[in-house]
Protein chains: 2
Amino acid sequence: MINTRVAVAIHTMALIASRPNDDLPSDDIAASVNTNPVVIRRILGMLKRAGLIRTTAGKAGASLTRDPEKISLLDVFHAVEPNGSLFAVHDNPNVHCPVGKGIRTVLDEAFGAAQHALENKLSSETLQDILHHLFDDA
Amino acid sequence: MINTRVAVAIHTMALIASRPNDDLPSDDIAASVNTNPVVIRRILGMLKRAGLIRTTAGKAGASLTRDPEKISLLDVFHAVEPNGSLFAVHDNPNVHCPVGKGIRTVLDEAFGAAQHALENKLSSETLQDILHHLFDDA
DNA sequence: ACCACCTGTAACTATTCTAATTACAAGGAT
DNA sequence: ATCCTTGTAATTAGAATAGTTACAGGTGGT
């Protein structure tokens with residue numbers, strides 16, 4: 001299972017986007033997410049390194065670097081999940097076995113295609129969509 | 001990252017399918033995968049419980065319960081990864097916050113759609129395709 | 001300048017997952 | 001009977017996750 005950082009990061013981004021005029025300290029974000037402020041600051045750091053937000057050391061508040069409709073869930077996903085591949089493959093299969101010899105290449109292709117499908121879907125949903133669902137729905 | 005059980009299970013299924021006339025003991029499969037036989041037997045157990053293979057206690061060899069073209073990678077994935085959801089979501093977000101209140105539903109939808117895209121791709125590739133890539137390619 | 005509040009980050013911990021391993025009960029084949 | 005096998009429990013080491021404490025240093029109001 002993929003860690004909760006992705007979920008927490010989206011929650012955090014939605015909170016920042018929904019209150020552009022408030023300077024939310026990490027304690028407030030943590031209170032909404034229900035976790036420790038340090039967990040939030042770690043995630044804010046990753047979002048910042050990915051170029052999605054701006055923060056200032058010592059000063060409360062983060063802001064988006066671009067409009068919510070230009071930030072996809074894939075952007076957030078990659079920001080907090082820098083590991084390239086979703087599927088692990090076992091090491092050193094026996095190359096003297098025809099199956100062992102070729103399995104890495106075949107699995108890399110199949111898993112790559114599956115991951116690409118997932119990422120493609122994540123890239124089609126934006127932070128703006130999230131905000132819309134949170135605030136404009138029934 | 002998703003565990004190596006999926007990769008090992010596909011490797012194992014390919015091995016079984018590629019040698020329908022041999023009764024492979026778990027030691028032989030383990031030698032091809034490069035792991036411990038018990039790891040293989042555990043995975044064979046999951047594949048059996050999922051109805052993908054037949055095995056007999058005490059007797060070497062496993063066989064597919066249906067043709068390789070009727071076994072998708074999604075079947076294998078579900079067999080060894082029974083956990084329903086791919087993405088974890090944090091517990092107990094603050095319901096007194098508008099974002100915290102609705103985030104679970106929104107994330108469940110977004111993550112569900114992404115997972116569905118991945119599963120759809122996995123369901124479109126069969127064990128037969130794997131065998132083809134292993135044996136009929138350049 | 002002081003002070004309250006904040007960020008950024010290191011360090012430590014508990015928990016969980018994974019994979020490897022040992023051990024063994026019980027089935028199958030000759 | 002004996003040997004090889006499966007199925008499974010129990011234990012272990014290692015990695016990842018998330019929570020926590022602690023603190024160095026920035027920010028801004030007074």
Side-chain angles (χ1 to χ4, degrees), chain A residues 1-9 11-12 15-16 22-50 53-63 77 79-93, chain B residues 1-9 11-12 15-16 22-50 52-63 77 79-94:
Chain A
M1 187 143 69
I2 295 169
N3 59 54
T4 63
R5 284 199 303 272
V6 186
V8 171
H11 183 147
T12 298
L15 206 47
I16 292 169
D22 293 330
D23 283 340
L24 294 172
S26 59
D27 285 51
D28 288 14
I29 302 176
S32 174
V33 170
N34 184 37
T35 185
N36 191 288
V38 174
V39 172
I40 299 299
R41 292 204 287 271
R42 276 199 289 248
I43 287 174
L44 287 174
M46 297 188 237
L47 293 170
K48 180 179 190 172
R49 255 166 263 135
I53 62 170
R54 270 183 295 263
T55 64
T56 309
K59 189 181 170 191
S63 59
F77 178 76
V80 299
E81 197 64 50
N83 184 348
S85 47
L86 201 56
F87 290 86
V89 177
H90 49 293
D91 286 324
N92 305 317
Chain B
M1 188 143 69
I2 295 168
N3 60 52
T4 63
R5 282 199 304 272
V6 187
V8 172
H11 184 147
T12 298
L15 206 46
I16 293 169
D22 293 330
D23 282 340
L24 295 173
S26 59
D27 285 54
D28 288 15
I29 301 176
S32 174
V33 170
N34 185 35
T35 184
N36 191 288
V38 175
V39 172
I40 299 299
R41 292 204 286 270
R42 274 199 290 252
I43 287 174
L44 287 174
M46 296 189 238
L47 293 170
K48 179 180 190 171
R49 254 165 265 135
L52 299 181
I53 62 170
R54 270 183 296 264
T55 64
T56 308
K59 189 182 169 191
S63 59
F77 178 76
V80 299
E81 198 62 53
N83 185 348
S85 46
L86 202 54
F87 290 86
V89 177
H90 48 292
D91 286 325
N92 305 315
N94 188 340

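By convention in this document, chain letters (A, B, ...) are assigned in the order of the sequence lines, proteins followed by strands, and residues within each chain are numbered from 1.
Note on A/R49: a side-chain N or O is less than 4.0 Å away from OP1 or OP2 of C/dT9. Checking the phosphate oxygens (OP1, OP2) of C/dT7, no side-chain nitrogen or oxygen of A/K48 falls inside 4.0 Å. Side-chain N/O atoms of B/T55 include one lying less than 4.0 angstrom from OP1 or OP2 on D/dG7. Applying the 4.0 Å criterion to OP1 and OP2 of D/dA18, one finds that A/T35 has every side-chain N and O outside that range.
Under the salt bridge (charged side-chain N to carboxylate O under 4.0 Å, His left out) criterion, B/D23 pairs with no residue, sequence neighbours left out.
Side chain of A/A57, nearest nucleotide from C/dG8, C/dA19, D/dG7: C/dG8. Closest to the side chain of A/V39, out of D/dT5, C/dA20, D/dT20, is D/dT20. Of the candidate nucleotides D/dG19, D/dT21, D/dG7, D/dT21 has the atom lying nearest to any side-chain atom of A/V38. Taking the side chain of A/N36 as heavy atoms from C-beta on, and the options C/dA19, D/dA22, D/dG19, the nearest nucleotide is D/dG19. With C/dG28, C/dT7, C/dA10 as the choices, the nucleotide that has an atom nearest any side-chain atom of A/A60 turns out to be C/dT7.
For the pair B/K59 NZ and C/dA26 P, the computed distance is 21 Å after rounding to whole Å. Remark: P of C/dA19 and CG of A/N92 are 15 Å apart, rounded to the nearest angstrom. D/dA18 atom P lies 6 Å from atom CZ of A/R5, rounded to whole Å. The separation between A/N3 atom CG and D/dA15 atom P is 18 Å, rounded to whole Å. Here the C1' atom of nucleotide D/dG26 and the CZ atom of A/R41 are 13 Å apart, to the nearest Å. Counting to the nearest Å, the C1' atom of C/dC17 and the CG atom of B/N83 are 12 Å from each other. D/dT6 atom C1' lies 15 Å from atom CD1 of B/I43, rounded to whole Å. Here C/dC6 presents its P atom at 11 Å from CG of A/L24, a figure rounded to the nearest Å.
Place B/T56 and A/G45 on DNA chain C by their nearest nucleotides, and A/G45 ends up nearer the 5' end. Nearer to the 5' terminus of DNA chain D, by closest-nucleotide assignment, is the contact made by B/D28 (compared with the other of B/D28 and B/A88).
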Please lay out, stage by stage, how A/L86 and A/I2 fare under the test side chain to side chain contact (heavy atoms under 4.5 Å, CB included).
-> CA-CA 9 Å; A/L86 201 56; A/I2 295 169; 3.8 Å; yes
Check against side chain to side chain contact (heavy atoms under 4.5 Å, CB included), A/H90 and B/H11 = CA-CA 10 Å; A/H90 49 293; B/H11 184 147; 2.9 Å; yes
Throw together a table of side-chain donor-acceptor distances under 3.5 angstrom for residues 34-46 of chain A, partners on residues two or more places apart or in other chains.
from, atom 1, to, atom 2, distance (Å)
A/N34, ND2, B/D91, O, 3.4
A/N34, ND2, B/N92, O, 3.1
A/N36, OD1, A/V38, N, 2.9
A/R41, NH1, A/S26, OG, 3.0

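At least one side-chain heavy atom of B/S32 sits less than 4.5 Å from a side-chain heavy atom of B/L15.
Within the 4.0 angstrom heavy-atom criterion, base atoms lie near B/R42.
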